[in-house]
Amino acid sequence: MIDGTAGVSGRRDADEALLDNPEALAERDPGGMLRHTASAGAQVRESAALAAEANLAVLADDGRPRAVVIAGIGTAGRTGDVLATVAGPRCPVPIIGHRSAGVPGWVGAADVVIAVSASGRSPEALGAAEAAHRRGARLVAVGAPDSQLQSIAEQARAPFIPVPRRAPARASLWALTVPVLLAARSLGLVKVNEADLAETAARLDADADRCRSAAESFVNPAKSLALGLAGSIPIVWGSSPLATVAARRFGDTLSANARYPVVTGALGEAGRGRVGLLDGVFGGLAEGERDIFADPADDDDGDGTRLRLVLLRDGGLNAEDDTDEPLAVEERRADAVQTLAERRGVRCDVVTAEGGSALERLASLIAVPDFASIYLALAHGLDPMAVPAITEMKELSNQ
């Protein structure tokens with residue numbers, strides 16, 4: 001009989017004291033996920049330099065494409081979401097994420113395919129790159145050097161941006177995203193200049209310093225967020241398209257690093273039905289039975305699970321931009337959801353975007369939650385890098 005819990009370790013209840021013990025944190029993070037996450041600013045700078053060495057200028061030789069397809073899965077697929085939101089609603093061509101092997105049936109010589117894979121060997125990226133080459137579409141490849149993906153790019157005589165594999169894919173978002181943005185810039189689809197990249201890298205460096213393991217919980221925003229989420233069912237909503245990308249990224253890292261189930265999405269979508277979760281058995285119904293004088297930390301019985309709302313707010317840069325949801329509407333909706341949560345006793349954390357460009361604002365919404373997902377894993381005694389279920393799934397799938 002197979003033991004379904006083989007390789008699974010950790011504790012159900014979070015150890016809050018552990019987060020203020022840097023030596024214990026380092027011991028429980030043998031793969032260095034905190035260190036890899038702190039390298040986000042360095043990833044921006046290194047990938048920008050590597051992209052500058054690639055011959056991306058050839059992409060503009062055939063003019064503006066009909067559409068751009070970003071092919072990849074997991075974190076690689078998220079790069080397409082980042083590109084679409086940074087390009088904004090005025091982008092002259094559609095940017096389409098594709099998370100399965102091959103490419104959409106309509107892709108042809110008028111289109112550009114950007115295949116992204118941290119390992120350079122994901123079936124989705126490889127299949128897309130091969131299909132793009134067969135159909136005569138312009139191809140750009142982003143991934144590990146000396147990989148299968150690089151070989152396909154060389155056969156197609158397509159630009160390839162090497163991204164050294166220094167960390168797991170989920171800790172390499174910025175290393176993979178910057179080449180995608182710069183390829184799109186060469187096509188005239190997005191305005192990202194060197195100052196934007198430098199300010200984004202600086203923002204990520206500053207947030208890494210605020211979230212360092214030596215900073216105690218009461219001054220460390222990531223540790224505070226992790227402790228607030230401990231033992232809860234997180235709901236993460238973004239107030240704008242940019243904030244929604246960050247919300248879905250937080251869902252990715254909470255699931256992969258901390259193994260928490262999470263609901264993510266846009267506030268606009270939430271208002272069409274999901275906001276009802278605040279009334280449900282883990283929301284208002286549960287909170288209505290809580291003793292208002294009880295210590296929240298005493299909720300350690302089997303029936304103590306509650307919702308925890310995380311609201312990522314982005315006031316936007318230019319209120320005059322053509323957006324589907326005007327700035328005022330987004331802000332009123334965010335205020336309304338916070339009020340609803342307060343009325344039902346559902347606790348709410350708010351992370352507000354900062355920065356002078358869309359890319360920097362996105363970074364400010366991603367950095368602290370990235371660290372929080374790792375601290376939450378460590379508080380439960382989980383190794384955020386090693387996920388036994390992933391290894392076991394691959395073994396079972398490849399039999």
Side-chain angles (χ1 to χ4, degrees), residues 35-60 68 70 72 75-88 91 95 112 114-120 125 138-147 149-150 153 158-209 242 245-246 249 317 353-367 370:
R35 183 182 71 254
H36 293 315
T37 302
S39 74
Q43 291 178 29
V44 171
R45 287 184 282 269
E46 180 182 41
S47 284
L50 292 169
E53 296 174 2
N55 188 20
L56 294 177
V58 301
L59 294 173
V68 175
I70 312 296
T75 301
R78 283 279 171 242
T79 65
D81 300 336
V82 174
L83 172 58
T85 194
V86 172
C91 183
I95 296 170
V112 170
I114 305 178
V116 187
S117 169
S119 66
R138 280 176 279 175
L139 172 66
V140 182
V142 179
D146 303 317
S147 62
L149 186 58
Q150 181 173 2
F160 176 78
I161 299 99
V163 176
R165 191 77 189 275
R166 307 192 193 283
R170 63 182 180 274
S172 304
L173 174 68
W174 296 101
L176 297 172
T177 295
V178 170
V180 172
L181 292 172
L182 295 181
R185 184 179 71 175
S186 296
L187 292 165
L189 306 183
V190 65
K191 295 179 180 179
V192 175
N193 57 41
E194 278 59 37
D196 294 335
L197 294 172
E199 290 164 1
T200 299
R203 170 76 57 181
L204 291 167
D205 287 342
D207 283 336
D209 183 63
L242 183 147
V245 172
R249 162 69 178 179
L317 291 173
E354 299 177 354
S357 68
L359 189 62
E360 184 184 356
R361 294 175 75 79
L362 180 63
S364 74
L365 291 175
I366 287 177
D370 270 7

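What you see is a predicted model, and the numbers here were worked out from it, not measured in a lab.
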note = Heavy-atom nearest pair, A183 first then L59, reads O-CD1, 3.9 Å

inquiry  = If you compare all heavy atoms of L139 against all heavy atoms of A158, which two are closest, and at what distance to 0.1 Å?
reply    = O-CB, 3.2 Å

Separation of T200 OG1 from R45 CZ (nearest 0.5 Å) = 10.5 Å

Minimum-distance pair of heavy atoms, taken over all atoms of A153 and A141 = CB-CB, 3.9 Å

Heavy-atom pair with the smallest gap, counting every atom of F160 and P145 = CE2-CA, 4.2 Å

query = Under the side-chain contact (heavy atoms from CB on, under 4.5 Å) criterion, do L242 and L365 qualify, and how do the steps go?
reply = CA-CA 9 Å; L242 183 147; L365 291 175; 3.8 Å; yes

Any side-chain heavy-atom pair of I366 and D207 under 4.5 Å = no

message = Measuring from atom CD1 of I95 to atom CG of L187, what distance do you get when rounded to the nearest 0.5 angstrom?
response = 9.5 Å

ask   = Using 4.0 Å as the upper bound for N to carboxylate O, is an ion pair formed by R170 and D370?
value = no

Side chain to side chain, P164 and L50, heavy atoms closer than 4.5 Å = yes

inquiry  = I need the Q150 CD to I161 CD1 distance, nearest 0.5 Å.
reply    = 11.0 Å

key: For L149 against A125, the heavy-atom pair lying closest together   = CD1-O, 4.2 Å

query = Nearest 0.5 Å, what's the OG-NE2 distance between S172 and H36?
reply = 8.0 Å

request  = Check for a donor-acceptor pair, side chain of R185 on one end and backbone N or O of V192 on the other, with a separation under 3.5 Å.
outcome  = yes

request  = Kindly determine whether V82 and V180 satisfy side-chain contact (heavy atoms from CB on, under 4.5 Å), including the steps that lead there.
outcome  = CA-CA 9 Å; V82 174; V180 172; over 6 Å; no

message = Assess, by modelled atom type and distance only, whether the side chains of S47 and Q43 contain a donor and an acceptor separated by less than 3.5 Å.
response = no

message = Can you tell me which residue among V178, L181, T177, D196 is in a side-chain contact (heavy atoms from CB on, under 4.5 Å) with V44?
response = V178

key: Side chain R249, main chain R78, donor-acceptor under 3.5 Å   = no

message = Once rounded to the nearest 0.5 Å, what's the spacing between atom CD of E199 and atom CD of E360?
response = 5.5 Å

inquiry  = I need the minimum non-hydrogen distance between A353 and S364, along with the two atoms involved.
reply    = CA-OG, 3.4 Å

task = Examine distances only and state if a side-chain atom of S186 and a backbone atom of L182 form a donor-acceptor pair shorter than 3.5 Å.
result = yes

message = I'd like to know if the side chain of E46 reaches the main chain of A42, judged simply by a donor and an acceptor atom lying under 3.5 Å from each other, with no hydrogens or angles considered.
response = no

key: Distance (rounded to the nearest 0.5 Å) between L173 CG and L204 CG   = 9.5 Å

